[in-house]
Amino acid sequence: MRAEDWFLSDAERGNPAHRLPAWTSGNRVVPLVHGAAYFARLVEVRALQPGPDGERSVARGYAKALRRAERLVYLEDQYMWSPPIARPLADALRRSPGLHLVVVVPRHPDVDGRLALPPNVVGRLQAIQVCRAAVPDRVHVCDLENHEDTPVDVHAEVAVIDDTWACAGSANLNRRSWSHDSELSVAVLDETRDEREPTALGGHGDGARAFARNLRLELLREHLDRAPGDDEDLVDPDDAVRAVNAAAGALDAWHGDGRVGPRPPGRLRRHEPERMPLRTKLWAVPVYRLVYDPDGRSWRDRLHDRW
């Protein structure tokens, strides 16, 4: 497995203009996934030149990695509210019958108000609908609360795909971050294989990697109130999905029964966006698309749905 297999298309491999800058720290190779054109100076320092329409390797990196996903896409994101971003997730779910999508998002948007709230809600509602329309039983969306039952804001932008590819940074899963705003994310391909079973989650021969798997397990242990090392039933993706659903279901049931008895362990709740009346959608959708989630791509790229 090479970094280029996860980040570059066939046409880009071997092209000096698309060379991946890499720094070695121990046994990890960390290619930098750049954001939009604001980081032109940083790009120039790394001997990369952005195109005239901006720099899109965050989007291309996600798209390439999702095309290789076969067992588990684990995401934590502040927004996750763009149908165009949800489509590659839905395509991956349709393509791989054993693939599960686990997403952790905030329960409430970070804005409020009669005019500001609906455009923020409608984008996530549409994105979740796109994913669930593909395979509803393999899409698991959760939010977080603390032990005082207060919702916890999720300000992470983290992705782990098949315990092989991991990405973290400022870029959210929305069109604004992928094409319009100034963002910077780092994707990690660890050369150290993780020997815990299953050692390979997909059919590409990549194998599970120590950094990506440990990152996912550390996040899940925190959300499930697990002690360090208490994750044997979380290593296998199918087992992890069952553990997430069981914990969220138990906490939901406890709340539904009036919070009687000891609070079940964990901080995950099933996330169900609020339904929106049609009269509100009629104005919230265009405002969302034009103001809150603008598209920075050229008209040609929009027409061909290219990043």
Side-chain angles (χ1 to χ4, degrees), residues 1-7 24-31 61-62 64-77 88-89 91-104 131 134-142 156 158-168 186-250 264-268 270:
M1 180 195 69
R2 300 176 303 168
E4 286 80 1
D5 294 333
W6 283 82
F7 289 101
T24 300
S25 176
N27 53 15
R28 294 172 187 159
V29 177
V30 184
Y62 268 97
K64 179 73 173 180
L66 286 170
R67 286 195 293 269
R68 298 174 73 88
E70 294 191 27
R71 293 289 304 280
L72 179 63
V73 174
Y74 178 84
L75 304 173
E76 295 194 10
D77 198 78
L89 295 169
D91 291 342
L93 289 164
R94 293 189 187 98
R95 183 170 53 248
S96 301
L99 180 65
H100 285 267
L101 171 64
V102 176
V103 188
V104 180
C131 293
V135 280
D137 59 325
R138 290 190 275 121
V139 176
H140 319 275
V141 185
C142 298
V158 175
V160 179
I161 297 180
D162 281 349
D163 286 355
T164 302
W165 183 91
C167 186
V186 172
V188 178
L189 285 169
D190 194 342
E191 294 182 349
T192 301
R193 291 180 179 267
D194 190 288
E195 299 302 327
R196 290 169 289 186
E197 293 290 343
T199 57
L201 275 65
H204 302 287
D206 297 326
R209 306 290 159 149
F211 179 86
R213 176 167 281 175
N214 287 335
L215 174 61
R216 175 178 69 84
L217 293 178
E218 183 175 354
L219 292 169
L220 285 178
R221 288 197 307 268
E222 178 181 343
H223 299 334
L224 297 174
D225 286 341
R226 301 282 191 91
D230 183 12
D231 52 23
E232 289 186 7
D233 62 331
L234 303 178
V235 177
D236 184 276
D238 293 340
D239 294 339
V241 168
R242 280 190 287 269
V244 165
N245 287 335
R267 313 177 192 193
L268 293 170
R270 293 191 181 100

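What you are looking at is a predicted structure, and each value in this text was computed from that prediction instead of being measured. Position 1 is the first residue of the sequence, and the numbers go up from there.
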Evaluate the side chain to side chain contact (heavy atoms under 4.5 Å, CB included) criterion for residues Glu197 and Val235: first the C-alpha distance (whole Å), next the side-chain angles of each, then the deciding distance (0.1 Å), finally the verdict. CA-CA 7 Å; Glu197 293 290 343; Val235 177; over 6 Å; no
Any chance you could lay out the side chain to side chain contact (heavy atoms under 4.5 Å, CB included) test for Val73 and Val102, step after step, and finish with the verdict? CA-CA 6 Å; Val73 174; Val102 176; over 6 Å; no
Contact summary for [X] and [Y], nearest pair of heavy atoms:
| X | Y | value |
| --- | --- | --- |
| Asp238 | Asp236 | N-OD1, 2.9 Å |
| Ala250 | Pro264 | O-CG, 3.7 Å |
| Asp231 | Arg196 | OD1-NH1, 4.4 Å |

Checking Val244 against Cys142 for the side chain to side chain contact (heavy atoms under 4.5 Å, CB included) test, could you report, in this order, the C-alpha distance in whole Å, the side-chain angles of both residues, the deciding distance, and whether it holds? CA-CA 9 Å; Val244 165; Cys142 298; 3.9 Å; yes
Would you call the rings of Trp165 and Tyr62 parallel, tilted or perpendicular, where under 30° means parallel and over 60° means perpendicular? perpendicular
Taking the side chain from Thr164 and the backbone from Gly207, do they hold a donor-acceptor pair closer than 3.5 Å? yes
Would Leu99 and Arg94 satisfy side chain to side chain contact (heavy atoms under 4.5 Å, CB included), going step by step from the backbone distance to the final call? CA-CA 9 Å; Leu99 180 65; Arg94 293 189 187 98; over 6 Å; no
If you round to the nearest 0.5 Å, how far is [atom2] of [Y] from [atom1] of [X]?
| X | Y | atom1 | atom2 | answer |
| --- | --- | --- | --- | --- |
| Leu89 | Leu101 | CG | CG | 5.5 Å |
| Asp190 | Asp163 | CG | CG | 11.5 Å |
| Arg67 | Arg95 | CZ | CZ | 7.5 Å |
| His100 | Glu70 | NE2 | CD | 13.5 Å |
| Arg138 | Ser96 | CZ | OG | 8.0 Å |
| Arg213 | Glu195 | CZ | CD | 9.5 Å |

Between [Y] and [X], is there a side-chain heavy-atom distance shorter than 4.5 Å?
| X | Y | value |
| --- | --- | --- |
| Val103 | His140 | no |
| Leu72 | Arg216 | yes |
| Leu234 | Leu224 | yes |
| Leu75 | Val158 | no |
| Leu201 | Pro237 | yes |

Under 3.5 Å, is there a donor-acceptor pair linking the side chains of His223 and Glu218? no
Residue pair Arg68, Asp206: steps toward the salt bridge (Lys or Arg N to Asp or Glu O under 4.0 Å) verdict: CA-CA 10 Å; Arg68 298 174 73 88; Asp206 297 326; 3.0 Å; yes
Are the charged groups of [X] and [Y] less than 4.0 angstrom apart, N to O?
| X | Y | result |
| --- | --- | --- |
| Asp233 | Arg226 | yes |
| Arg71 | Asp162 | no |
| Asp194 | Arg209 | no |

